[in-house]
Peer 1: 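One structure coming up, written as structure tokens, with questions to follow.
Note that the structure is a prediction, hence the values are computed from the model and not measured.
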Amino acid sequence: MDRHFFLGFIPGLLLYLLKTDSPYVQDQSKESLNWSITAMIAYFVAFLLSFIVIGVILIPLIGLCHLIFCIMGAVASSKGKPFRVPFAIRLIK
């Protein structure tokens with residue numbers, strides 16, 4: 001999930017579509033796609049709320065959560081353990 005901080009949802013989508021022979025990679029790419037979608041929704045809502053000042057506070061908090069979850073996912077993946085983002089909306093199952 002660490003690559004999503006820099007490239008958005010594209011790496012997770014590519015892994016999901018191309019690496020179909022590994023259940024672990026499929027599972028983790030679905031998780032990263034779910035988190036990417038959740039983060040994009042959160043950024044959009046925060047942007048809309050920035051017109052009433054609340055979003056100005058939320059945007060950096062979402063960015064910090066995004067960075068922390070990406071690092072946590074990278075550490076778990078490097079150990080071969082599955083990682084679940086606690087706040088991700090599970091749209092892809």
Peer 1: Let's go through K30 and R90 carefully: what are the C-alpha distance in whole Å and the side-chain angles of both, what is the deciding distance for side chain to side chain contact (heavy atoms under 4.5 Å, CB included) to 0.1 Å, and is it a yes or a no?
Peer 2: CA-CA 9 Å; K30 283 187 230 178; R90 309 273 186 252; over 6 Å; no
Peer 1: Is there a path from M40 to L48 through hydrophobic residues (I, L, V, M, F, W, Y) whose side chains come within less than 4.5 Å of each other?
Peer 2: no
Peer 1: Would a hydrophobic clustering, with Ile, Leu, Val, Met, Phe, Trp and Tyr connected at side-chain separations under 4.5 Å, put I52 with V45?
Peer 2: yes
Peer 1: Using side chain to side chain contact (heavy atoms under 4.5 Å, CB included) as the criterion, point out the one residue from T38, N34, I37 that pairs with I89.
Peer 2: T38
Peer 1: Rounded to the nearest 0.5 Å, how far apart are SG of C65 and CE of M72?
Peer 2: 10.5 Å
Peer 1: Should F87 and L64 be counted in the same cluster of Ile, Leu, Val, Met, Phe, Trp and Tyr side chains packed under 4.5 Å apart?
Peer 2: yes
Peer 1: Among residues at least two apart in sequence or on other chains, which ones pass side chain to side chain contact (heavy atoms under 4.5 Å, CB included) with I57?
Peer 2: L61
Peer 1: Going from CG on L58 to CZ on F47, what distance comes out if it is rounded to the nearest 0.5 angstrom?
Peer 2: 13.5 Å
Peer 1: Not counting sequence neighbours, which residues clear side chain to side chain contact (heavy atoms under 4.5 Å, CB included) with Y24? List them please.
Peer 2: S22, Q28, S77
Peer 1: Check the angle between the aromatic planes of W35 and F69 and answer parallel, tilted or perpendicular using the 30° and 60° thresholds.
Peer 2: perpendicular
Peer 1: Looking at every non-hydrogen atom in both residues, tell me the closest pair between Y43 and G63 and how far apart they are.
Peer 2: OH-CA, 3.0 Å
Peer 1: Sequence neighbours left out, what passes side chain to side chain contact (heavy atoms under 4.5 Å, CB included) with A42? Give chain and number order.
Peer 2: I62
Peer 1: Test of understanding: clusters of I, L, V, M, F, W, Y form through side-chain heavy atoms closer than 4.5 Å, transitively. Do F44 and L49 belong to the same one?
Peer 2: no
Peer 1: When clusters are formed by joining ILVMFWY residues with side-chain heavy atoms under 4.5 Å apart, either directly or through shared neighbours, do L91 and L33 land in the same one?
Peer 2: yes
